[in-house]
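Below: the structure, in structure tokens.
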Amino acid sequence: MARLAQTAGLTDVQQEILSTVRDFVDKEIIPVATELEHRDEYPQQIVDGLKELGLFGLMIPEEYGGLGESLLTYALCVEEIARGWMSVSGIINTHFIVAYMLKQHGTQEQKEHFLPRMAAGDVRGAFSMSEPGLGSDVSAITSKAVKDGDEYVLNGQKMWLTNGGTSSLVAVLVRSDEGHSPEEAAAKPHKSMTTFLVEKEPGFGEVRPGLTIPGKIDKMGYKGVDTTELIMDGLRVPADRVLGGVTGRGFYQMMDGVEVGRVNVAARGCGVAQRAFELGVRYAQQRHTFGKPIAQHQAIQFKLAEMATKVEAAHAMMVNAARKKDSGERNDLEAGMAKYLASEYCKEVVEDAFRIHGGYGFSKEYEIERLYREAPMLLIGEGTAEIQKMIIGRRLLEEYRFQG
């Protein structure tokens, strides 16, 4: 039935996976999403269904029990899930980023220990970069790891963990000045950061000695999924839980994960925008004013045309960024463009659908009210619009360096 956001060149396997996910979204997510969101209730039944479908292992190699699919397949699945309820796609995304970082940068022992259980959905991942006073300046991280024999002792406070409570594995970025003088660490802060793989019990409070997950942060939107802080106070982590086995590489490992995460956020923006368009075009054909459906008024047709064009453009850029990464090429330019455009267009399409609904869009009985509160998160998740523009601008100057 859907005409917009079609993807050319998919294999039969990819089409079958997407058809299955879309059917699941239509039957299991959309009918309950608004009710669960209003209650801020974790969608356990939905998550269990995704686990049965194998989506937690979608990009994990087959040798570790996953499906071994591409980033494109994953992004298109995320687009479908976000169309149903964006919070569910967030639960999958943070897990996926940790699995991706393990696959790309983990030691063989770390891969064998974690990836099979992550593919099965028995171990859920979260990753932690931000801190209360950090914002977009990752180099200003103050959380620190100090070596003590065969262990590291971690101290500090982290912020904005998606899946902070429900996860059982957290990839945490902290400062570790081991092997660097204070002057070197200050001059090149990115080279003195390390990612630790921290195992914990799901839940809130003290989830292991030295590690506390306070309660959920109350948010405007993006409800259902748990967003938390993480407090480390003398947390002891074995040296073999340094991602990749070598300190000082954490920043680059995290940026690699965030890069694919930006494709994911672009996919989420596409999914939310698609749903907003569906709601807007349906309501426009049902609502009558001045003796005819408002869809027959030119002003509404213009609005629908703009919305549909934005949905198509964002989807095309997201697909391009995913395919670029799958090809093995650097895709930070394409991922930054896709994330920037998709999140901005998502906000605009949702607002236009909200306007089409008129006063009813302000009612919690209508789904568009939920989307209106969810869309703003995409403007800041995985880097603000300003950060994306910085990335895009720097890369363009590399590509178009003037020789004179």
Side-chain angles (χ1 to χ4, degrees), residues 1-30 49-86 88-90 92-93 95-97 99-100 103-104 119 259-278 307-331 333-339 341-343 345-346 349 378:
M1 174 180 168
R3 165 66 179 83
L4 296 179
Q6 298 299 299
T7 309
L10 297 181
T11 66
D12 291 342
V13 172
Q14 287 175 314
Q15 291 176 2
E16 184 177 349
I17 290 173
L18 289 174
S19 176
T20 300
V21 171
R22 188 178 185 90
D23 186 58
F24 181 85
V25 168
D26 287 339
K27 292 179 179 179
E28 305 296 333
I29 298 183
I30 289 177
L50 295 175
K51 180 178 174 180
E52 290 180 15
L53 291 177
L55 287 191
F56 283 98
L58 191 61
M59 276 192 68
I60 293 175
E62 293 181 8
E63 64 185 290
Y64 299 111
L67 298 179
E69 273 295 330
S70 64
L71 178 60
L72 175 61
T73 306
Y74 176 79
L76 294 175
C77 287
V78 166
E79 184 179 40
E80 292 291 353
I81 294 169
R83 175 181 153 268
W85 185 12
M86 191 183 74
V88 178
S89 65
I92 295 285
N93 181 45
H95 174 89
F96 152 71
I97 290 177
Y100 173 83
K103 181 184 74 169
Q104 295 297 110
E259 193 172 285
V260 292
R262 284 177 180 141
V263 176
N264 174 285
V265 173
R268 282 197 254 179
C270 291
V272 174
Q274 284 182 49
R275 186 59 182 165
F277 174 80
E278 291 171 4
M307 292 162 67
T309 301
K310 290 173 181 176
V311 168
E312 284 281 78
H315 176 84
M317 291 199 74
M318 179 270 291
V319 167
N320 180 58
R323 282 184 162 147
K324 186 93 170 181
K325 188 73 172 179
D326 284 332
S327 72
E329 297 181 67
R330 182 178 178 181
N331 87 325
L333 175 64
E334 291 78 9
M337 285 181 167
K339 192 274 172 185
L341 190 80
S343 58
Y345 275 0
C346 174
V349 171
L378 298 172

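Numbering of residues begins at 1 and proceeds along the displayed sequence. Just so we're clear, the structure is a prediction, and the values are computed from it rather than from any experiment.
For the residue pair A314 and A342, the shortest heavy atom distance occurs at CB-CA, 3.9 Å. When all heavy atoms of V263 and A335 are compared, the closest pair comes out as CG2-CB, 4.0 Å. Closest of all the heavy-atom pairs between A75 and A267 is O-CB, 3.3 Å. Minimum heavy-atom separation, Q274 to A5: NE2-CB, 3.5 Å. For A308 against F277, the heavy-atom pair with the smallest separation is CB-CE1, 3.8 Å. Across every non-hydrogen atom of V349 and A273, the tightest pair is CG1-O, 3.5 Å.
Panel note: side chain E69, backbone M59; no donor-acceptor pair is recorded below 3.5 Å. H95 places a side-chain N or O within donor-acceptor distance of the main-chain N or O of F56, the cut-off being under 3.5 Å. The main-chain N or O of L378 is found under 3.5 Å from a side-chain atom of K339 such that the two form a donor-acceptor pair.
In this structure, CG in D12 is found 12.0 Å from OG in S19, a value given to the nearest 0.5 Å. Taking CD1 of I17 as the reference point, atom CG of L76 lies at 10.0 Å (rounded to 0.5 Å). Between atom CG of residue N93 and atom OH of residue Y100 there is a gap of 13.0 Å, rounded to the nearest 0.5 Å. Taking NZ of K310 as the reference point, atom SG of C270 lies at 13.5 Å (rounded to 0.5 Å). The CD1 atom of I29 lies 5.5 Å from the CG atom of L50; values are rounded to the nearest 0.5 Å. To the nearest 0.5 angstrom, E278 atom CD is 10.5 Å from M307 atom CE.
With contacts defined as side-chain heavy-atom distances shorter than 4.5 Å, the pair F96/L58 does not qualify. In this structure, the side chains of Q14 and L72 come closer than 4.5 Å at one or more pairs of heavy atoms. The shortest side-chain heavy-atom distance between N264 and Y74 falls under the 4.5 Å cut-off. Side-chain contact check for K103 versus I60: every heavy-atom pair is 4.5 Å or farther apart.
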Check your understanding: Should M318 and R268 be marked as a side-chain contact (heavy atoms from CB on, under 4.5 Å) after you check the CA-CA gap, both sets of side-chain angles, and the distance that decides it?
Key -> CA-CA 10 Å; M318 179 270 291; R268 282 197 254 179; over 6 Å; no
Practice item. Evaluate side-chain contact (heavy atoms from CB on, under 4.5 Å) for L67 paired with T73, printing each intermediate quantity in order. Key: CA-CA 11 Å; L67 298 179; T73 306; over 6 Å; no
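Among T20, L18, D26, the single residue meeting the side chain to side chain contact (heavy atoms under 4.5 Å, CB included) criterion with R22 is D26.
By the neighbour-count criterion of 12 heavy atoms within 6.0 Å, atom CD of E16 is sparsely surrounded, having that number or fewer from other residues, nucleotides or ligands.
Residue pairs satisfying the salt bridge (charged side-chain N to carboxylate O under 4.0 Å, His left out) criterion with at least one member in residues 320-329, sequence neighbours excluded, are listed as follows: D256-K325, E259-K325, K324-E329, K324-E334.
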